[in-house]
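Residue numbers count from 1 along this sequence.
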Amino acid sequence: MQTPPHPPAVSPGPTAGPGRPPDLPEAGRPDGPTAGGDRPTHLAARAARWSVRHRRLAVGGWLLGVVLAIALGSMIGTRTLADTDYSTGQDARAQRILAEHGYVNPADENVLIQRTTPAASPQALLADPQIRSALTDVAARVRASGVATALRSPLALPGVSTDTGLVSHDLRSVLLAFDLKGTEDDPAPVEPTLDAVAAVRAAHPGVSVEQFGDASADKALDATVGNDFHHAELLAIPLTLGILLAVFGAVVAAVIPMGLALTAFVGALGLVAFASRLFPTDDTATSVMLLIGLAVGVDYALFYIRREREERGAGHGPQRALEIAAETSGHAVLVSGLTVAASMAGLFITGLSVFTGVAVGTIIVVLVAVLGSLTVLPALLSLLGDRVELLRLPWHRRAGGPARRRRRARRRDRAGTGPVEPLDPAVHGPGDELLARRRAYQAQLARPGIMGRLLHRPGPVAAVAAGLLVLLALPALGMHTAEPGLDDIPKNLPIMKTYDRLSTAFPGGEVAAAVVVSGNGSTGSTDVTTPQVRAAIDALRTRAIASGRMFEPVVVTVTADHRVARVKIPIAGSGTDGESVRALHTLRSTVIPATIGATPGLRADVTGTTAGSADFNARLNSRTPLVIGFVMVLAFGLLLAAFRSAVVAAVAVGLNLLSVGAAYGLLVAVFQHHWADGLLGYTSTGAVTNWLPLMLFVVLFGLSMDYQVFVLSRVREARAAGLSMRDAVAVGVRRSAGVVTSAAVIMVAVFSIFATLSQVSMKQLGVGLGAAILIDATVIRVILMPAVLTLLGERVWRDAAPESGPGPRPDNASGPDLPTQPISATGHRARPDQIGQLARAAQPEPVQEATPDHIGTGTGTGTRNGNGSGTGNGNGSGPLDPPRRPRPGYPTPRWAMPPP
């Protein structure tokens, strides 16, 4: 019998025989191992093969590892950042000098006593019987609480220092100032003083009596903002689970990604305790870990499971479907996880402890999620098999049900494809049938539609989409960043209303600058109590108040060794706005040089909220270009290694920059102006939180790689299967659309929760991340990236053959590339209009499935006789039978290959 002609460009495979297409050595055996040396060797595939061979060890080892990590981590404890660790520049130097000389910064509190109308003079205000009575009563009760020290009052009272600066300029208010015993980080309980002030308020209804300070504000905020975070963390889990249920339609399939992400987060928390010995962390790092860990953990499992389900729906046996998922989605997960970790590693360049703690925690949780996705996930899927679809929701339609198959058949009929003569089994083997089905499927995916019409005009589409993103990014040029400070706290809280009244009566008191006066490098042992130094400090006080940007009361504190003086000067503004920044600049550049700086042997360093914010911004501005360059170069290198195409890597990096720029512009438009205040229930601070832009950059640059790698991998598979670049782009985007959309919905939903929190900085984080992911998954992945890839054409991948390209192998072949046309029943190449006919004409027989221990192991040889049957042997191989048809009613993802 004469063998039909085959494309001469493809060499025969090792198992070619009569009726067997020589260009597909394993095409007829989707459940068998990969032939010869073509077995995938990348880490993801090797990890999956090991896990499937040792399923119980992989699952049990994962659970045991998580338990041990969290148990040991709890035993050693997590080292947290101290207040001085957040500082940099002159602010950090001032705090270090104070700490070296034994200065203990107490938590200061203030009791504001106000009457309704102003007095004629300060003396008249202090002579008011109601003011005097309330001030005397509150001083006595606060002293009696046993937790207060260093009381100061404008009246001479027993056990209280007199300070005339505690009378307001509006002549309505007086202040009782005191410190809590202990330190600012560990103060005495504030509740006794709050109870004392409440008793005075009840006893003196004619005046207003309110308390505000560090400890009282923290207590009030913990009851609101702390509950906000707890609520957000609890809400994120059921919301994510609900979306997964909608995606999979089965409880078991939905619980697996959720369980993997949560166990990865818990295990990472234990590992962070060990890492904190070198890199201390804080609550912000834990929140970011939960945010990122939940997002990437669920996404990675989603990519993997959906690909495995897709291949099962396409007719592959359980083990071969799992092997394909490991070769493709597993590889994408590995590249994506490494890119996220590399992006977060850029934060180390800042040299700021707060960023270092976040970077370490996020890198750990991402790598743990990747490890779980590559090991325990394939083991679980292998253990469960088709039982992963258990507990299917009753209202969830089966995507591959009979009705859908009938609709698909009607669409093919309307396209002009009718029944044809079946392939002659004496001439054509099942490999030809599989080839015809796959080519028909690719033609169906590449059919014209919205995507096809867009790709026919890629130039204008790319120009319009990129232009819109650039316009959205333009507001970022006017971005102003600042330390959030007290402006970050919701204004509707009672404690913040007290703060507003206190700031109005005594401007700058709660955002005071602290000038630390000490000896310079050559005379560091200067006594700051000498007349010369006292005169310089008095001159500092006088000149600061005369500037009009600094106010009374100015408080001078000297350390016990008389080597350092701390001069607390209230400044104008809210502490982080432009007015405060200008006041700081006046203090540092004008007042200090003319007073302390003009005294030999002295130096002055400024600390405080405004100084800390300014120095933090200065460090960020100097290091941010280095971080951005590092992340871009590293991401480019990882993508180049994964796809072996500099063009692909450059396109991915460029599109990520557009996504980040658009998120920046949106942040500026929403949060630096007041037009959106009522939308999210906040009052604009006129600035973006100073740590947010850099954090957004590294997080978004890493997370968007999830979609980049997954979509590009699908495009690469389609291109390697012989499609033109335009069709490969259409097929790749369509096949990845469902999973990318599902992953994006989960991320946007989780991030949006943070937009509902009370703190403005958390709103900015939620809006920035959510908007960027939404833009990335829609405008960029669906419109801009396909248009750009189509424009570039063959320059994207010059080495289109599968055996010459790296990365995941195409899911439709284990060997060399598919020929451009299938073989018809007459032995000639099929015309394009016959592809659908051949696909429906193929009637493959069931195949014997490989056992779990045989996945991806060994090689096999086989021969096929004239009637299309065959035998095979070899370690870990099965018979060379045609692919198995999908089970009746089996749920098939909507982008999977339709059954014949």
Specify the closest pair of heavy atoms between [X] and [Y], including all atoms of both residues, with the distance to one decimal.
X: Leu620; Y: Trp691; answer: CD1-CA, 4.4 Å
X: Leu175; Y: Leu112; answer: CD1-CA, 3.8 Å
X: Met550; Y: Val591; answer: CE-CG2, 4.3 Å
X: Gln130; Y: Gly206; answer: NE2-CA, 3.7 Å
X: Leu135; Y: Ser153; answer: CD2-OG, 3.5 Å
X: Pro593; Y: Leu587; answer: CD-O, 4.2 Å

Tell me whether [X] contacts the main-chain N or O of [Y] through its side chain, where contact means a donor paired with an acceptor under 3.5 Å.
X: Gln672; Y: His480; value: yes
X: Arg201; Y: His204; value: no
X: Ser580; Y: Ala572; value: yes
X: Gln90; Y: Ala611; value: no
X: Lys181; Y: Gly146; value: yes
X: Arg79; Y: Pro280; value: no
X: Thr350; Y: Leu347; value: yes
X: Ser547; Y: Ala544; value: yes
X: Thr193; Y: Val190; value: yes
X: Gln764; Y: Thr689; value: yes

If you measure from [atom1] on [X] to [atom2] on [Y], what distance do you get to the nearest 0.5 Å?
X: Thr590; Y: His585; atom1: OG1; atom2: NE2; answer: 6.0 Å
X: Asp128; Y: Ser133; atom1: CG; atom2: OG; answer: 10.0 Å
X: Leu157; Y: Thr162; atom1: CG; atom2: OG1; answer: 7.0 Å
X: Thr136; Y: Arg141; atom1: OG1; atom2: CZ; answer: 12.0 Å
X: Asp605; Y: Arg93; atom1: CG; atom2: CZ; answer: 4.0 Å
X: Leu584; Y: Ile571; atom1: CG; atom2: CD1; answer: 6.0 Å

Does a salt bridge link [X] with [Y], judged by any charged N lying under 4.0 Å from a carboxylate O?
X: Asp615; Y: Arg588; answer: yes
X: Glu210; Y: Lys497; answer: no
X: Arg541; Y: Glu552; answer: yes

Hey, does [Y] have a side-chain heavy atom less than 4.5 Å from the side chain of [X]?
X: Arg603; Y: Ile596; result: no
X: Val631; Y: Val627; result: yes
X: Val516; Y: Gln95; result: no
X: Val147; Y: Glu191; result: no
X: Leu540; Y: Ile592; result: yes
X: Ile113; Y: Leu176; result: no
X: Pro158; Y: Arg143; result: yes
X: Ile569; Y: Val554; result: yes

Any chance the side chains of Arg619 and Thr88 put a donor and an acceptor closer than 3.5 Å?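 Judged by distance alone, the side chains do pair up.
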
Pair Gln211-Ser216, side-chain donor/acceptor within less than 3.5 Å: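 No, Ser216 and Gln211 have no side-chain donor paired with an acceptor closer than 3.5 Å.
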
Do the ring centers of Phe348 and Phe630 come within less than 6.0 Å of each other?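 No - the distance between ring centres of Phe348 and Phe630 does not fall below the 6.0 Å cut-off.
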
Intermediate values then yes/no, side-chain contact (heavy atoms from CB on, under 4.5 Å), Leu692 and Leu765: CA-CA 7 Å; Leu692 189 59; Leu765 179 65; 3.6 Å; yes

Using the rule given for side-chain contact (heavy atoms from CB on, under 4.5 Å), can you reason through Arg172 versus Leu125, listing the C-alpha separation, both sets of side-chain angles and the distance that settles it, and then say yes or no? CA-CA 7 Å; Arg172 292 179 53 236; Leu125 179 62; 5.7 Å; no

Checking Val360 against Thr281 for the side-chain contact (heavy atoms from CB on, under 4.5 Å) test, could you report, in this order, the C-alpha distance in whole Å, the side-chain angles of both residues, the deciding distance, and whether it holds? CA-CA 8 Å; Val360 170; Thr281 184; over 6 Å; no

If you apply the rule side-chain contact (heavy atoms from CB on, under 4.5 Å), what do you find for Arg566 with Val556, and how did you get there? CA-CA 6 Å; Arg566 179 178 182 267; Val556 180; over 6 Å; no

